[in-house]
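Remarks on the structure that follows.
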2 protein chains.
Amino acid sequence: MATDELLHRALELLGDDPLSVEAIQRVTDPGALAESMTIAEVAELLDVSAHTLRYYERAGLVEVSRDALGHRVYDPAAVRRLVFLTRMRLSGMPMRDLQHYIALADAGDDTVPERLDMLIEHRDTLRRRIRELTLSLAATEFKIATYGGRAAPDAVDAESSE
Amino acid sequence: MATDELLHRALELLGDDPLSVEAIQRVTDPGALAESMTIAEVAELLDVSAHTLRYYERAGLVEVSRDALGHRVYDPAAVRRLVFLTRMRLSGMPMRDLQHYIALADAGDDTVPERLDMLIEHRDTLRRRIRELTLSLAATEFKIATYGGRAAPDAVDAESSE
DNA sequence: CTACGGGTTCGAGCGCGCTCGAACGCAAAC
DNA sequence: GTTTGCGTTCGAGCGCGCTCGAACCCGTAG
């Protein structure tokens, strides 16, 4: 099916980078979550600070219950949501949009089309951004080549001599 | 030579997107700059505000001379530098680093190795970032597929039902 | 008993990169 | 001669996403 193809394509693009493999596992292996987690555990898992997790909660992005001591208890649903949220943040989706998205998600299935629209827009944003960065990468490599290789002295002026 | 290969690769990746073609031209066709430009012209060319150009000047990133009226006159060297600077900014290099880089550039050829180091580090940062975004793109496409296609209802739980 | 480690709430502060407003200058158009 | 338009300087303000400090609570180890 199409989704397998997508993941396969992603894996192709990512190669064997261990960090990426770990990250892909977070996509493909969501069942491996502990029954419940402390804030420190979640922070470690997602590579964010406990401060940030509390901030996300304050921002209304996720609800977290407390134990008898008043300490946060992250259930698997909360953790999965935070996995999603941190990925979206990492890829540049603004807090505002995430707050909107989460409000929609909490409003029920009727909002699926609008959520889909948001995801599609984000997908397009990501594609544009990747193109931009790819272009900048090419320009940077070009500059490194003219600088380091000294292979094309007549091309050095391509962007002046900074 | 190697630099041609890099640009060729970039063009392959970019396809026929008009915006990208325009951008590539900014890399490959630096000779087409007017003798001197006003702040409004440069702002338009680089798609930034005049405010931002003045800000960059204040930040020490570029020196710009004035005409008899005190208005800024951007000569080709300044424009080329700003092309470079805006591309670096667009690709996420912090102002701090650009200030350092420019200080090195202004200090003469002895600083070429350090500038090269900075470019190489930036290149690596870009590669990592592109990988991250590619991963997020795959995850987003995956989610769109499970949402929109309804093709894999048993996979919907991959990231809960946000 | 006390110290320590990890949690809590609250509000304030920060670093970044602009972005804007106020007050002004000059020149060409009406 | 005044209005319009584009420019100038200066310093303040803003939006974003955290990040931090203070004061406090609790359970366990030494």
Side-chain angles (χ1 to χ4, degrees), chain A residues 34 36-75 78-79 81-82 84-102 122 125 129 132-133 136, chain B residues 34 36-75 78-79 81-82 84-102 122 125 129 132-133 136:
Chain A
S36 71
M37 301 176 74
T38 68
I39 194 167
E41 289 164 350
V42 177
E44 157 111 54
L45 175 69
L46 301 180
D47 197 29
V48 299
S49 71
H51 284 304
T52 298
L53 291 177
R54 295 191 197 99
Y55 168 70
Y56 286 173
E57 186 179 349
R58 269 192 282 177
L61 293 182
V62 62
E63 282 185 21
V64 185
S65 54
R66 309 298 150 111
D67 65 11
L69 294 153
H71 290 193
R72 286 171 177 78
V73 176
Y74 290 85
D75 60 29
V79 175
R81 175 169 281 195
L82 284 167
F84 170 73
L85 290 169
T86 50
R87 192 189 341 275
M88 293 311 248
R89 282 295 306 120
L90 195 63
S91 61
M93 183 176 280
M95 289 294 288
R96 243 185 343 284
D97 292 2
L98 284 174
Q99 287 169 328
H100 185 204
Y101 188 94
I102 288 302
H122 186 59
T125 300
R129 188 68 184 134
E132 273 178 9
L133 291 185
S136 291
Chain B
S36 71
M37 301 176 74
T38 67
I39 193 168
E41 288 165 351
V42 177
E44 156 111 52
L45 175 70
L46 300 180
D47 197 29
V48 299
S49 72
H51 283 304
T52 299
L53 291 176
R54 295 190 197 101
Y55 167 70
Y56 287 174
E57 186 179 348
R58 267 192 284 177
L61 293 182
V62 62
E63 282 186 21
V64 186
S65 54
R66 309 298 150 111
D67 64 13
L69 294 155
H71 290 194
R72 285 169 177 80
V73 176
Y74 290 85
D75 62 27
V79 174
R81 176 169 280 196
L82 283 167
F84 170 73
L85 290 169
T86 50
R87 193 191 338 277
M88 293 311 248
R89 283 294 306 120
L90 195 64
S91 61
M93 183 175 280
M95 289 293 290
R96 242 185 345 285
D97 291 2
L98 284 174
Q99 288 169 329
H100 184 205
Y101 188 94
I102 289 302
H122 186 60
T125 300
R129 188 67 185 136
E132 272 178 8
L133 291 186
S136 292

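Letters A, B, ... mirror the listed sequences (proteins, then strands); counts begin at 1.
In terms of the salt bridge (Lys or Arg N to Asp or Glu O under 4.0 Å) criterion, Arg89(A) has no residue partners (sequence neighbours excluded). Applying the side chain to side chain donor-acceptor pair (under 3.5 Å) rule to His100(A) yields the partners Glu114(A); only residues at least two apart in sequence or on another chain are considered. Annotation: side chain to side chain donor-acceptor pair (under 3.5 Å) contacts of Thr86(B) (sequence neighbours excluded): none. Evaluation of the side chain to side chain contact (heavy atoms under 4.5 Å, CB included) rule for Glu63(A) yields no partner, not counting sequence neighbours. Remark: Ser49(B) pairs with Thr52(B) by the side chain to side chain donor-acceptor pair (under 3.5 Å) rule, at least two apart or across chains. Checked against side chain to side chain contact (heavy atoms under 4.5 Å, CB included), Ala43(A) has the following partners two or more places apart in sequence or in another chain: Leu53(A).
Nucleotides of DNA chain C that come within less than 4.0 Å of any heavy atom of chain B span, from the 5' end to the 3' end, dC16(C) to dA27(C).
Pairs engaging residues 52-62 of chain B under the salt bridge (Lys or Arg N to Asp or Glu O under 4.0 Å) rule: Glu57(B)-Arg66(B), Glu57(B)-Arg72(B) [sequence neighbours left out].
Pairing each heavy atom of Arg87(B) with each of Ser136(A), the nearest pair is CG-OG, 3.5 Å.
Taking the nucleotide of DNA chain C with the nearest heavy atom to each of Arg89(B) and His71(B), the more 5' of the two is matched to Arg89(B).
Near DNA chain D, meaning a heavy atom under 4.0 Å away, the residues from residues 50-65 of chain A are His51(A), Thr52(A), Tyr55(A), Tyr56(A), Arg58(A).
The distance from atom CG of Asp67(A) to atom P of dC26(D) is 12 Å, rounded to the nearest whole Å.
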